[in-house]
Protein chains: 2
Amino acid sequence: MSISTASKALNDSGRMSAETRERVKKVALEVGFRPNALARGLITKRSFTIGLLTNDTYGRFTLPVMAGVSEELVGHGVSVFLCAIEDDSERARVHVDAMLDKSVDGIIASGKRLDRQLPVDLTGLAVPVVYAFTKGPVDGVTLRSDDEQGARLAVRCLMDAGCRRIVNVTGPKTFQSVRERADAYRATIDGPPEVLHGIWSEAWGHEAVAQLWDRGGEKPDGIFCGNDQIARGVVDALRERGVRVPEDVAVVGFDNWDIVAAQTRPPLTTVDMNLRTLGREAGRLVLAMSEGREVQPGIRKLPCSLVVRQSCRGLEAPA
Amino acid sequence: MSISTASKALNDSGRMSAETRERVKKVALEVGFRPNALARGLITKRSFTIGLLTNDTYGRFTLPVMAGVSEELVGHGVSVFLCAIEDDSERARVHVDAMLDKSVDGIIASGKRLDRQLPVDLTGLAVPVVYAFTKGPVDGVTLRSDDEQGARLAVRCLMDAGCRRIVNVTGPKTFQSVRERADAYRATIDGPPEVLHGIWSEAWGHEAVAQLWDRGGEKPDGIFCGNDQIARGVVDALRERGVRVPEDVAVVGFDNWDIVAAQTRPPLTTVDMNLRTLGREAGRLVLAMSEGREVQPGIRKLPCSLVVRQSCRGLEAPA
DNA sequence: GTGGCGTGAGAAAATGTTTTCTCATATTGA
DNA sequence: TCAATATGAGAAAACATTTTCTCACGCCAC
């Protein structure tokens with residue numbers, strides 16, 4: 001039995017009798033034959049390897065994305081290099097070079113902001129690149145969450161819960177996602193909008209509540225927060241003031257960061273960006289591109305979903 | 001100029017005049033020559049690739065370890081495959097097989113508990129394995145934090161701050177690290193020890209404070225918590241009762257999970273397990289083993305350090 | 001002057017696959 | 001029955017390197 005015949009049998013290529021093919025496969029299984037991926041890659045130009053580049057060191061956004069990518073690709077025999085670069089363009093370059101040396105089949109660039117590029121230029125590379133949850137070039141393939149749709153979900157939940165005066169306590173105006181979410185908020189509520197910008201911290205949530213409650217005039221009965229940390233600050237501050245959540249004021253967060261949302265008292269209703277799904281999609285796309293299939297460039301927005309806990313119950317679901 | 005001469009020049013092997021060597025290197029640089037890692041790996045049996053296996057999906061422990069590993073190895077041209085397996089032994093097997101197919105030079109097994117093995121057997125593999133922050137076989141190379149030493153640091157900090165009655169509010173007794181930390185606590189304090197076991201959550205921190213304060217008798221003036229989440233619950237509960245931290249009661253946590261420790265009011269003094277350093281060490285060891293250098297099996301304990309914030313100030317540092 | 005040796009450089013083998021080519025045999029049609 | 005065609009299997013080339021061998025040349029000593 002020649003090596004070439006065996007190869008053809010195992011790869012379902014070439015011409016041969018079904019009987020021979022079966023026989024080879026059976027023996028290969030018995031003997032535990034594992035083809036050497038390096039030798040195979042050398043000739044096929046595919047390493048069954050992709051690189052995931054990220055500058056999100058907390059892993060808050062990258063880990064779910066990574067999990068999705070891996071989940072999608074492991075069935076195709078593709079493994080994932082994870083490279084954490086912390087906004088250091090030189091280090092990023094080293095990592096990218098290392099990946100190229102290993103002839104990855106593609107690269108997924110991921111980050112923590114939709115309006116910032118990674119500190120390294122990935123255009124003009126010989127391998128396909130997919131941008132997931134980070135800014136890519138205009139002619140690149142980019143995946144992101146649909147923040148406007150997510151914000152609409154959140155605000156509608158508050159409205160369904162009966163809120164009439166809803167305020168948006170959110171992060172810095174410099175973040176594109178902050179502006180998008182605020183815009184969707186303005187377009188969805190009935191009354192006059194009020195947007196309070198601050199930083200992404202619990203402390204700002206506290207302070208915002210102080211501002212809103214210590215001034216005269218009507219108090220809000222619903223608060224749409226820019227992320228879960230701010231929401232937690234808001235909820236804590238309200239509880240300290242004796243304001244009941246969600247009876248007096250309903251609160252909705254953004255991110256569904258489990259560790260924050262679930263530990264808040266009461267647990268947060270919040271928007272989930274479905275980053276795992278986004279990761280799967282990124283994996284699917286980069287694999288398709290590496291196999292030469294045509295992929296339309298442009299920005300793909302993936303829908304968010306609402307995770308209802310106790311800080312805002314919206315309409316009760318029909319029984 | 002023959003290919004073989006070029007190869008020898010670039011690898012500083014073989015015999016040749018220094019002049020030729022220099023000339024080859026210069027041209028290689030100019031022309032941007034990058035050797036194909038696959039072909040190189042095929043012959044040298046080294047892929048300059050290692051696999052990091054983890055069942056810590058939150059990334060709380062794995063991300064710092066990963067960062068350390070990567071940091072240590074990128075300079076040697078080694079890239080890291082990250083495989084997140086969630087206690088699914090079949091999936092783990094698939095990932096390990098994929099790594100072996102790609103002939104990784106070594107595997108680092110990492111986890112979230114020191115007393116649990118990953119759901120896959122890594123003994124008898126052809127490649128070296130290092131266990132980092134997870135349980136390994138007795139004859140394996142294992143790296144872990146020195147929890148007893150870390151606990152001593154924490155308790156001493158409380159004692160230095162003047163605490164006389166220190167209580168240990170911690171996680172489930174089934175965790176080895178809980179027992180080790182509690183043992184160190186018992187051995188370090190002066191008075192009679194008191195250890196309260198619960199789950200790893202803020203809610204348990206609250207409840208523990210309720211138990212301690214709602215019963216009669218002397219109140220503690222120092223609380224050593226099993227992790228930062230419990231510590232946060234404790235601090236929040238104390239504040240709600242009007243107990244001042246650290247003036248009335250000093251609190252020390254464990255883990256230095258930034259997102260929890262820094263957002264607590266006041267910010268937590270806590271023990272850092274130096275997981276990044278642990279990761280670096282794991283990278284160093286697996287690299288050494290893959291290069292055939294002898295590494296003593298056994299458990300290596302790496303020291304923890306204390307991060308002083310405001311919940312316990314210990315002795316003021318000399319000016 | 002010639003044998004031995006050190007030196008530098010190229011030739012060739014090896015790595016483990018896939019793929020293309022070649023060839024022998026069996027099958028079919030006239 | 002013989003040529004044409006289809007079929008199955010092996011031989012060989014290719015992939016991009018490293019490494020071991022071989023060889024030519026010059027130098028030195030005897």
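Below, chains carry the letters A, B, ... as their sequence lines are ordered, and counting in each starts from 1. Since we're looking at a predicted model, the values are computed, not measured.
- Under 4.0 angstrom from either OP1 or OP2 of C:dA9 there lies at least one side-chain N or O belonging to B:Thr20.
- In 5' to 3' order, the nucleotides of DNA chain D bounding all contacts with chain B (an atom under 4.0 Å from a heavy atom) are D:dA16 to D:dT20.
- Salt-bridge formation is detected for the pair B:Arg46/B:Glu291: a Lys NZ or Arg NE/NH1/NH2 atom is positioned less than 4.0 Å from an Asp or Glu carboxylate oxygen.
- Judged by distance alone, with hydrogens and angles left aside, the side-chain atoms of A:Asp105 form a donor-acceptor pair with the main-chain N or O of A:Phe48 at under 3.5 Å.
- For A:Ser4 and A:Ser7, the side-chain atoms include no donor-acceptor pair closer than 3.5 Å.
- At a threshold of 4.0 Å, the pair B:Lys25-B:Asp12 counts as salt-bridged, since one of the basic side-chain nitrogens sits closer than that to a carboxylate oxygen.
- Salt bridge annotation for A:Arg144-A:Glu180: present, with a cationic side-chain nitrogen under 4.0 angstrom from a carboxylate oxygen.
- With hydrogens and angles ignored, the 3.5 Å screen pairs a side-chain donor or acceptor of B:Thr49 with a backbone N or O of B:Ser47.
- For B:Asp56 and B:Thr54, the side-chain atoms include no donor-acceptor pair closer than 3.5 Å.
- Atom CD1 of A:Ile43 is separated from atom CG of B:Leu42 by 11.0 Å, given to the nearest 0.5 angstrom.
- Contacts between residues 32-50 of chain B and DNA chain D, counted as heavy-atom distances below 4.0 Å, involve B:Phe33, B:Arg34, B:Pro35, B:Asn36, B:Ala39, B:Arg40, B:Ile43, B:Thr44.
- In this structure, A:Glu281 pairs ionically with A:Arg284, as a charged nitrogen and a carboxylate oxygen lie closer than 4.0 Å.
- Ionic pairing of B:Asp97 and A:Arg34 is present here: one or more N-O contacts between side-chain nitrogen and carboxylate oxygen are shorter than 4.0 angstrom.
- With rounding to whole Å, A:Arg15 atom CZ is found 13 Å from C:dT22 atom P.
- Annotation: proximity of residues 2-13 of chain B to DNA chain D (heavy atom, distance under 4.0 Å) is found for B:Ile3, B:Ser4, B:Ser7, B:Lys8, B:Asn11, numbered in ascending order.
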